[in-house]
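The structure under discussion is supplied below as structure tokens; questions concerning it will follow.
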Amino acid sequence: MPTQSVLKMGNKQLAQPSLAVENFSTAALFNLIQDMKDTMKEKGGVGIAAPQIGYQQRVIMFGFEHSKRYPNEKPIPFTILINPVIEILDQAQTTGWEGCLSVPGIRGLIPRYNKIKYTAYDPEGNLLTQTVAGFHARVIQHECDHLDGILFPRRIVDMQFLGFEDELINAGLIPPITS
Ligand code: NI
């Protein structure tokens, strides 16, 4: 399947809540997943949510072996989550630099919960549940926000910590994007 263009901040579709998937193992769902996978891979994202390619459906995916955009982060197994629900296991939050394929060239310092448990379905409708922490938990919180129409700049606490990638790299605040 062809890769899709990624909608950018300002597009109204990114600000709308997405709808729960009701039918699993359908051709439409598998096509959507393939498009998301191809697009995420081409753009070098660590995750993507269906609304980013124009589908208002509660589908996210994430995972990488080595990320060019987040070279210091440990691998996350590739995972597809449908209708994900997050339970916060620890009220403690950590700030970390986040970017988004829908906010190209920009990063912000965002607080996220350290430890969460997610419950979701796989594309065949099997229940998945897992407890995750750190960057893994951050990525899932970021992708689930997309399903509620929230982009990371809305989570910034101090606007001083919103910047362009090249400037943040020059300032030593984020690692260089590797090739
Ligand atoms: Ni994003």
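These numbers come from a predicted model, not from an experiment. FYI, side chains are in, hydrogens and waters are out, and symmetry mates aren't considered; it's all heavy atoms of this structure. Both ligands and their constituent atoms are indexed starting at 1 by order of listing.
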> Hey, are the side chains of T131 and I116 touching, using non-hydrogen atoms and a 4.5 Å cut-off?
Replying inline: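 SC-SC contact between T131 and I116 ruled out.
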> With a cut-off of 2.8 Å, which protein N/O/S atoms are close to the Ni ion (ligand 1), if we only count those under it?
Replying inline: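 Only C100 SG, H142 NE2, H146 NE2 fall inside 2.8 Å of the Ni ion (ligand 1).
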> Of the options I140, V139, L147, D145, which is the one that meets E143 in a side-chain contact (heavy atoms from CB on, under 4.5 Å)?
Replying inline: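 For E143, the side-chain contact (heavy atoms from CB on, under 4.5 Å) test succeeds with only one of I140, V139, L147, D145, which is V139.
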> Does any N or O in the side chain of R138 come within less than 3.5 Å of the main-chain N or O of T94, such that one atom is a donor and the other an acceptor?
Replying inline: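 Looks like yes, one N/O pair under 3.5 Å.
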>> Regarding E98 and R155, does a basic nitrogen lie under 4.0 Å from an acidic carboxylate oxygen?
In response: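 Salt bridge between E98 and R155, a charged N being under 4.0 Å from a carboxylate O: no.
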>> With a 4.0 Å cut-off on N to O distance, would you call D148 and R58 a salt bridge?
In response: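 Salt bridge between D148 and R58, a charged N being under 4.0 Å from a carboxylate O: yes.
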> When the ring planes of Y121 and F24 are compared, do they come out parallel, tilted or perpendicular, using 30° and 60° as the limits?
Replying inline: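 Tilted, since the angle between the ring planes falls between 30° and 60°.
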